[in-house]
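Okay, so here's the structure we're looking at.
Every chain is numbered from 1 and lettered A, B, ... according to where its sequence line falls, protein lines coming before strand lines.
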Amino acid sequence: MVNAPNFLISHPNYFIMSEYKPQEIEKKWQKIWKDNQTFKTEFPSKKPKYYVLDMFPYPSGAGLHVGHPLGYIATDIVARYKRLKGYNVLHPMGYDSFGLPAEQYAVQTGQHPAITTENNIARYHEQLDNIGFSYDWSREVRTSNPDFYKWTQWIFVKIFNHWYNKESDKAEPIETLYKKFSENGNVKVKAVCDENTEPFSAQEWNAFSEEQKHEISLKYRLAYLSNTFVNWCPGLGTVLANEEVKDGVSERGGFPVERKEMAQWSMRITAYAERLLKDLDGLDWSDSIKEQQRYWIGKSKGCMLTFQIADLPSFKNLEGLNTPPLTPPQGEGNTISVFTTRVDTIYGVTYLTLAPEHELVDKITTPEQKAKVNAYVHYAKNKSELDRQADVKTVTGEFTGAYAINPLNNALIPIWIGEYVLAGYGTGAVMAVPSSDTRDYAFAKHFNLPIINVQEGEKTDITKEDFDPKAGTMINSDFLNGMDVKSALDAMTKRVEELGVGYGKVNYKIRDSIFSRQRYWGEPIPVYFKNGLPYTLDESQLPLELPKIDEYKPTANGEPPLARAKNWVASSPPLGEGFGEGLGEGSNSQLQNANLPSWQTTDAIKWKAIKEKARELRKNQTDAEQTLWYALRGEQLGVKFRRQQVIDVFIADFVNLNTKLIIEVDGGIHLDSDVKKYDEYRTEVLQNLGYTVVRFTNEEVENHLDRVIEKIRNKISELPKLNPTFANSQKTPPLTNSASISQNHLGEGKYPLETSTMPGWAGSSWYFLRYMDAKNESEFASKDALDYWQDVDLYLGGSEHATGHLLYSRFWHKFLYDLGYVKTKEYAKKLINQGMIQGVSAFFRVVGSGLNYKRDINDELPDDIDRPVYIVSYGLQNNEYIDLIKQDLLKRNPKIAESNLEFNISFGIHRIDITNVDIDNSIDINEIVDFLERNEIKGEKILISKIPNRYICNREVEKMSKSKLNVVNPDDVVSKYGADTLRMFEMFLGPLELSKPWSTSSISGVSRFLRNVWKMFYDESGKLLLTDEAPNDKELKVLHKTIKKVEEDIERFSFNTSVSTFMVCVNELSDLKCHKRTILSDFLIILAPYAPHIAEELWEAMGNKNGISYAIFPKYDEKYLVESSFEYPISINGKVRHKMNFPANMDLKEVENQALASAEIIKWLEGKAPKKVIVVPNKIVNVVL
RNA sequence: GCGGCUGUGGCGAAAUUGGCAGACGCACUAGACUUAGGAUCUAGCGGGCAACCAUGGGGGUUCAAGUCCCUCCAGCCGCACCA
């Protein structure tokens, strides 16, 4: 552009100075900001603070699409605005850089996830820089950096070393618990702990060895290791948190998830349930998020009730219900605990229902019912989570034969089991009141159980649509009769407490969160094992860095990847805590399994269970299995097979142990893709164990047995034979104790380290604190920094983290609050969830293979017909293209007579990448032809369209994603229109919280607006137009109303409306031909947060030496906005009929009189006197007739 | 089924406390300039010839309702046998 030829000078495009060239000025200012560290946060500072934060991004390989920066732009506007307002702004960015995708990639390619992550971050960073964000990059953090995760581990150690004291209602150091135990034992201690904690006295405690004490303390610590049922995902090879499982499959990847008992680290978030719930009230977060969290915590107030189980022999003859027993039976420990929120309905209880897994089921079932109950329990236990969720409507259950006694009226009530009762909630048992609970009602109806109404009045009929369980007054309920539900609840709670058969209790749905993942790319858990018990490393030993390993998959034994590390051991443990001499046997120990690092699943019991399962399967062979078994036995293959042999945690159908050949027969159900994935995973693990897996379908075995045997024979001959000792070794559990393996290369005084890592949410639970003092090497953040920055003033991100990150981070923050590190109970005052930007996918349709021409209904045209692929543009009427196709076909195939040609057209609809689709939805036909060729759709292609060589696509709004070919890359938008246009346009699209589709066509309006801004400063010849004239009232009014509106808009996060306001302002100033310095100077400052580059450029052009980023936001002055007159709309009966101009301060009576006197209004009055006249000052006049 | 959010022109939307519905922008139409236009400028643009009718449907409160109340419907998101 430097030496433009003279004759082109007159062409507007070639005036360099006059034209707004975003690409040049944006790069220029981004460099200046970087070089001058313009946005480096000052600390310490006397200014008031403002902390504005974006949710921690995971740097994915796909890079940003235009939806991602939406929130970043909004926060950047706020950050820049607050700087102009004189605040010291903390506006940082960093990366949640541990995570599954990088690890999956590592597993596949062997590339270290750190490298993948680094590359992705570099790309992410570049894309962010393109948009001109004002982040203080000197505070960037990455969760995968050891200097960051050192502190994540440090917090973990703190959590491990604290317990929750319900009396002080906060976390306290474990030492205070030890002290309480040594003084009083554990009975009086009000602590949040495991359910099954055994009571002990001070004497007993003091007699325990250090190790026994440590073991007991694990039941109290806020981070603990225990055997729990977890969501095990074989496809991902790890456990998942509850909120990472959706509809029975993993949220990431969609792999099936099964319930499995494993030793796992957990966080005792339940201790904080009440505070997490209560403090929601004070938060300025969206209702939706708060509701989701409330629901997740799931507080219910109710009553714990004890039902005695009737001593059966003495009641054997009592069949009828409500027959008072002669003497209340006093069975020892024969009680069922029930949690109910409706203790007021206790007179309506007609049966109890236990979860099939309930521990008492076995004990109470009568011999007569045993078979049925066992069958039912078996059925329920084998039902997967997915199946259970799928059919909630089918009522199933079984009578145990046992009875319980209603503690209020001594009525005998039958005890049932039913899968609608969840083992994990409450006590796993419910008192069923079919008249007041719809599930109980359904169950009672289905099994013909009695129903006693205990409420009467409106809406109390459970069979009716409008049933309200809490409506009406109590009946059939003794002393409760006549009370409403609320008072009955209170009265009955009081009564059961007096009777000693129950007590009021608050129940929470939230579970402790599983904290370990069997993965490599996460924070190592800073724990080592000594004599099977977990101890945390000393602070001085942190960070515990991720070791180098050769591969990123689980080991052959199914251990987490970290078990591959050489020397994954702690050197001599810290002194002091928990290292007595005594090696307590811990015979009753729940934690025998804690002998093993937490991945370990196969304890003796488990092993036995698998063996039993195998035996069972052996008895119930499928036909195909039976056939193959006889063939394998009968054929002289030279090797011996075993069937249903346990290998690792799997049961292989047929195994030859000498060649390590496994033959699997699947029942045809394995066509399902999920099962297939699981099979592949299973095969992979078995291969890692050195096995060869061959798979046949039932069909193959039953119909082509000879071929199957032939294949097996060939396989066997290929495989080397092993010596028999190996085969024998399979008799012992194959999952070896990893601790003992690791012991092999332990030095003296060395202990094996935990091999699982922390979950994705660990780092993000506190990163916002690290930004306050990101470089601190001696603390996670200094006290000064924490005291000054306090909390996040504005937090912006997607709503998908409602019950994950947003709950866990609140939990950790409260923990740090208890310890006195932070001063705020909540870390984010205001939370906004930005909406999604959707993509607008493009589709085209072809009539090709899907085309049917019929001479008559039963007769299709022969295949040799000349039948091209018709690409039929949208926007054509049916008759238009059908005729065209008809004519064309007849021309090509003269032998077809038109009269017997019948059309039955079906389209093939395909997506096409939106990159080349034009604003008018048209696309070059060659793009479509190329697409069809690539997808091997053969034949001559014919375009049917109104526009030559262009096809009009169909558009549909969908989620923006690569697979839908509708992604818009912000880099492309920036290079075409500039970052300022992108920023303003994203805001202009609509309210921040709402989802809205990206619209490429309307971006031109915003682009034009910025050029109009430029034109207020420069004329066409590139001459500055600024004048020093004093502004007039009109100009001042335009400016000040804009200042006022923009300020209000930013304060209420309504960014779309301020873009409109800017447009109005520029339109009006242009109409006024205003080029006055004072006006434009202020205008630039208020525009700067939205369009910082152009604002800086023009600000500099005005002669300002300092950048605009720290200018002072102009203060609007009400006096410029005052109108001297107001144009009143005069309405008759609410409809505007006329307008009249009156002085703004005119007396209301006078306004009324003049309005009524006007010719226009007299006409409308038609001689009648108005009933009433309302005059709202400077708003409206309404005449009521 | 339960909970939350959202329904306004052809499209994105505005109307902050009940007071002139549709600001601002896109698309569209006509015109100007131009060798040219996917550039720029000017004008028009909810429907209806009009009276009038229009903020998802119906009802209500009010002098006045997109806004408040009741009720129904649709879409999106979340939860889902929670005793």
Of B:rA83, B:rA39, B:rC63, the nucleotide closest to the side chain of A:V421 is B:rA83

Practice problem: Classify the nucleic acid contact of A:R1137 as base, sugar-phosphate or nothing, counting any heavy atom under 4.0 Å across all strands shown. | Solution: sugar-phosphate

From the candidates B:rA13, B:rA15, B:rC81, the one with an atom nearest any side-chain atom of A:Y420 is B:rC81

Using the C1' atom in both, what is the distance from B:rC69 to B:rA30, to the nearest Å? 48 Å

OG1 of A:T1042 to CG of A:L1087, rounded to nearest 0.5 Å, is 11.0 Å

Numerically ordered, the residues 287-295 of chain A set in heavy-atom contact under 4.0 Å with RNA chain B is A:D287, A:S288, A:E291, A:Q292, A:Y295

- Does the ring centre of A:F447 sit less than 6.0 Å away from the ring centre of A:Y351? no

Next on the checklist: Over all strands shown, is A:V1184 touching base, sugar-phosphate only, or nothing at heavy-atom distances under 4.0 angstrom?
Outcome noted: sugar-phosphate

Just the table, please: protein N/O against nucleotides 25-29 of chain B N/O, every pair under 3.5 Å.
| from | atom 1 | to | atom 2 | distance (Å) |
| --- | --- | --- | --- | --- |
| B:rG25 | OP1 | A:N1067 | ND2 | 3.2 |
| B:rC26 | OP1 | A:R1008 | NH1 | 2.4 |
| B:rC26 | O2' | A:S1001 | OG | 3.2 |

- For the side chain of A:K1139 and the base of B:rC20, is some donor closer than 3.5 Å to an acceptor across the two? yes

Using Watson-Crick geometry (N1-N3 plus N6-O4 or O6-N4) or G-U wobble (N1-O2, O6-N3), each under 3.5 Å, B:rU67 is paired with none

Under 3.5 Å donor-acceptor pair, A:K1179 side-chain atoms to B:rU17 base atoms: no

When every non-hydrogen atom of A:R955 is compared with those of A:I914, the smallest separation belongs to NH2-CG2, 3.7 Å

Mind checking A:P997 for me? I need base, sugar-phosphate or nothing, with any heavy atom below 4.0 Å counting as a touch.
nothing

Closest to the side chain of A:Y425, out of B:rC81, B:rC82, B:rC20, is B:rC82

| said: I'd like to know whether the aromatic ring centres of A:Y508 and A:W296 sit less than 6.0 Å apart in this structure. | reply: no

Regarding B:rG9, purine or pyrimidine glycosidic angle vs 90° from 0 gives syn

State whether A:D281 and A:R294 are salt-bridged, where the test is any N-O pair (Lys NZ or Arg NE/NH1/NH2 against Asp/Glu carboxylate O) under 4.0 Å. yes

Within 6.0 angstrom of A:K964 NZ, more than 12 heavy atoms from elsewhere = yes

Practice task
Describe, in one word, how the ring planes of A:H801 and A:H805 are oriented to each other, choosing from parallel (under 30°), tilted (30 to 60°) and perpendicular (over 60°).
Solution key: perpendicular

Closest to the side chain of A:K1045, out of B:rU16, B:rC24, B:rA83, is B:rU16

TODO: Run the salt-bridge test on A:K1139 and A:E1160 with the 4.0 Å N-O cut-off and return the result as yes or no.
DONE: no

Looking at A:F1126 versus A:Y1128, is the centre-to-centre ring distance below 6.0 Å? yes

Exercise. Under 4.0 Å between a Lys/Arg side-chain N and an Asp/Glu carboxylate O for A:D468 and A:K470?
Worked result: no

For B:rG19 versus B:rU42, give the span between their P atoms, rounded off to a whole number of Å.
33 Å

Rounded to whole Å, the CZ-P distance (A:R950 to B:rG38) equals 12 Å

**OP:** Using the P atom as the reference point in each nucleotide, state the distance between B:rA64 and B:rC53 in Å, no decimals.
**Re:** 15 Å

Taking the six-membered ring for Trp, are A:Y425 and A:F339 parallel (under 30°), tilted (30 to 60°) or perpendicular (over 60°)? perpendicular

So for A:T341 and B:rA83, does any side-chain atom that can act as donor or acceptor lie under 3.5 Å from a complementary atom in the base? no

| query | Touch check for A:R955, heavy atoms < 4.0 angstrom, all strands: base, sugar-phosphate only, or nothing? | reply | nothing

Taking B:rG19, B:rG38, B:rC20 as options, the one with an atom nearest any side-chain atom of A:K976 is B:rG38

B:rA83 phosphate, OP1 or OP2: any side-chain N/O from A:N507 under 4.0 angstrom? no

Counting the atoms with a prime plus P, OP1 and OP2 as sugar-phosphate, which does A:K1044 contact under 4.0 Å by heavy atoms, base, sugar-phosphate, or nothing? nothing

Sort me out a list of protein N/O and nucleotides 64-71 of chain B N/O pairs below 3.5 Å, or just none if empty.
none

Six-ring centre of A:F1062, A:K1045 cation under 6.0 angstrom, axis tolerance 45°: no

| task | Have a look at A:E1048 and say if it touches a base, only the backbone sugar-phosphate, or nothing, with a 4.0 Å heavy-atom cut-off. | result | base

Requested in this report: Scan A:V1064 against the nucleic acid and name what it touches under 4.0 Å (heavy atoms): base, sugar-phosphate only, or nothing.
Outcome: sugar-phosphate

All heavy atoms of A:R511 vs all of A:T270, minimum pair found to be C-CG2, 3.8 Å

query = Base, sugar-phosphate alone, or nothing: which one does A:L989 contact when heavy atoms must sit under 4.0 Å apart?
reply = sugar-phosphate

A:L992 CG to B:rA13 C1', in whole Å, measures 15 Å

Give A:N1056 one of three labels, base, sugar-phosphate or nothing, depending on what nucleic acid heavy atoms sit under 4.0 Å from its own. sugar-phosphate

